[in-house]
Protein chains: 2
Amino acid sequence: MDQDTTHSAVPGHRPTVSSVAAMAGVSRQTVSNALNNPERLQPETLKRVLAAIDDSGYVRSAAARQMRTARSSVLAYRLDPIRDGIGGIVLDTFLHTLSAQAEGQGYRVMLYTADSDEAELRQFAALTQTRAVDAFVLVDTHRDDQRYRWLSENGVPYAVFGRPWPGDEETDDDGAHAWIDIDGSAGTAAATAHLLELGHRNIGFIGYLHDGATGDDRRRGWEASMAGAGVPPRQRRALDSSQRDGILEGADAARRLLDAGATAFVCASDSLAVGALSAAGPEAAVVGFDDSPTAAALGLSSVRQPLEEAAGWALGSVLAQIDGAHSTSGTSRLLVPQLVVRASSRPLS
Amino acid sequence: MDQDTTHSAVPGHRPTVSSVAAMAGVSRQTVSNALNNPERLQPETLKRVLAAIDDSGYVRSAAARQMRTARSSVLAYRLDPIRDGIGGIVLDTFLHTLSAQAEGQGYRVMLYTADSDEAELRQFAALTQTRAVDAFVLVDTHRDDQRYRWLSENGVPYAVFGRPWPGDEETDDDGAHAWIDIDGSAGTAAATAHLLELGHRNIGFIGYLHDGATGDDRRRGWEASMAGAGVPPRQRRALDSSQRDGILEGADAARRLLDAGATAFVCASDSLAVGALSAAGPEAAVVGFDDSPTAAALGLSSVRQPLEEAAGWALGSVLAQIDGAHSTSGTSRLLVPQLVVRASSRPLS
DNA sequence: GGTAGGTTTTTGATTGATCAAATTCGGGGA
DNA sequence: TCCCCGAATTTGATCAATCAAAAACCTACC
């Protein structure tokens, strides 16, 4: 069956760089160049080789390539178990976009799991030592994060979705790392301004306490807008509330704030907003955060995070690092989210 | 700097099978055997080699291994963009479990995306041709699915979460493929029986139309339980409703069915159930489907899919196929979901 | 003591692509 | 006409592991 191992296309065997070369009447290196350095080939040769590649259905072996180049063209992403029903979507969208965009650049995303920081560092070691992945995309930042340091020390490219925590700079020994984040403050500020324009003045803020920073950030925008509108601190304090993230918690908070005279709510998450919406009924105006499908379904105005852009940046950042430009400090960005106005943006009656 | 390329442990270079061999005073093949066929080594030699592996920190190169064995120890999973806010969680949990369990078996999960069937077949070709992945785990089945055929014809192991559609058998040329699914009918039957026990008799069904089968399946369980309880067909028809999946749709349906005399609802998804809960208020009893975090947060009784088990089966199935046992027909399973009772299971007052 | 038979270990070859260096090819310029 | 130089292409070696087959090593039995 395989006694005819000559250069023509052997049915059973998958095409290799050599078989394609034979088919196009060139050497294997020329085929390799056609894929990696097309400009080195004479236009005519290039065309011929590409044609041969095309109709042999050749796909180059990632393993062989990786072996020679010490590159895998794979990015690692840690998949966490689900936490919040509605908000989990955010990272889901991020991951999908990252994966889709990576494919466009010839990269793929590989998952790993870890239930502790130490476990994650072990994964780092296993994944990088064999060069199974080229870079990491981290999304769940927390205080005293060991991961940046490990990756920096081992020279592994990585990008972070989520700004560093205050006080983390010292941990990160080789200086600041590249990160991108959503300017939650700008988002809630826009939401608050929007409600102010609709005539509301007693705008309550329903925030959450998680690890801290994200919730605080979103509060800041509301606070600033309210202060800018001349609402005195005392009143602002009465309109401010914090609790765990969740639908029920949002409903409770909304009831409390309604008693305090609120006519509209800016919420730090769609979960909270859905709760507020159900508790406050059709009278009050509500704006959520994340623009989840649930928000769209319920006609809930919400602040939309530009996740596509964030994913694109993360990809671009790690690719740049992989391609040698190791000084990516200073390229960090803060993205401004967009307010999506829907039926729940009711004017003050 | 690297003029000393002899066999002893060179600091800068990562350990290879040869460097470890030199360190342990054996040949490279012996090191390979220590990892892949430990029983072939003399206990004493094995111990010495393992020690060398251990303190050199050696990890074997996935690429080199893959090249020789034509195995990658990677599973492929298609990551779709999010559709429904609440229900999307189901697959998220499935994926996380799959990934975590796979790691336990030395496998990893790689993502790919595709926005059409043709695109997915192209991905199949690209991923399998280079043996970048060993198997596929498919989750979103639909009518006239070309994927089974392609994978079967090309001898690629795969497992399916979701039963084949009626009429699909002919499409799949080499006979039935292995699949696992949740017995939605059993789930809604249990939910209905539970509500009947609480004294309800006019139990409405809020179902959805998607691609068809899943929704129908879930309706069947309700229908059977109701028929078993002696509710006449005419009345059943009045208590039955179908619409698109979503919170608002669920609320609308609940209102309609309340008018028809319903005192309790069995819903085909948590989204619908959340809607029904909001529309029907605290009087009616509601049971959802999927046991999403949202259901837990709202105190919504729901039918819990045993996703861990499904993921475990899918993994076991593809691993068995990879390890040669190509006759996996007949190993398909239908898992019985569990009813989780919460506050929304109110007795008939 | 020699050798058959089994176990343990080693050597040689291979996987597919790419880097580095060598070779061929063409067009000016002397 | 010959030689040199740059562009285009080819050859040789290599990446790190594993398979297949050969070699070394025992043990036991005639």
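Just so it is clear, the structure is predicted and the values come from calculations on it, not from any experiment.
Between the side chain of B:Gln146 and the backbone N or O of B:Leu121 there is no donor-acceptor pair closer than 3.5 Å.
Taking 4.0 angstrom as the limit, A:Arg131 places none of its side-chain polar atoms (N or O) nearer than this to OP1 or OP2 of D:dA16. Between B:Arg65 and D:dT18 there is a side-chain polar atom (N or O) within less than 4.0 angstrom of OP1 or OP2.
Note that CZ of A:Arg71 is 6.0 Å distant from CG of A:Asp323, once rounded to the nearest 0.5 Å. The distance from atom CG of A:Asp80 to atom CG of A:Asp115, rounded to the nearest 0.5 Å, is 10.0 Å.
Along DNA chain C, the nucleotide nearest B:Gly25 and the nucleotide nearest B:Arg68 are compared for position; the residue whose nucleotide lies closer to the 5' end is B:Gly25.
Just one residue in the list B:Tyr77, B:Tyr112, B:Tyr158 forms a ring pair (Phe, Tyr, Trp, His ring centres under 6.0 Å) with B:Phe136, and that residue is B:Tyr112.
When the side-chain contact (heavy atoms from CB on, under 4.5 Å) test is applied to A:Thr45, the partners found at least two apart in sequence or on another chain are A:Val26, A:Thr30, A:Gln42, A:Arg48, A:Val49.
Of the residues in residues 27-49 of chain B, those with a non-hydrogen atom less than 4.0 angstrom from any atom of DNA chain D are B:Arg28, B:Gln29, B:Ser32, B:Asn36.
Counting non-hydrogen atoms of other residues, nucleotides and ligands closer than 6.0 Å to CD of A:Glu44 gives a total of 12 or fewer.
Distance, B:Arg71 CZ to D:dT18 P: 13 Å, rounded to whole Å.
Out of C:dC19, D:dA16, C:dT15, the shortest distance to the side chain of A:Thr69 is found at C:dC19.
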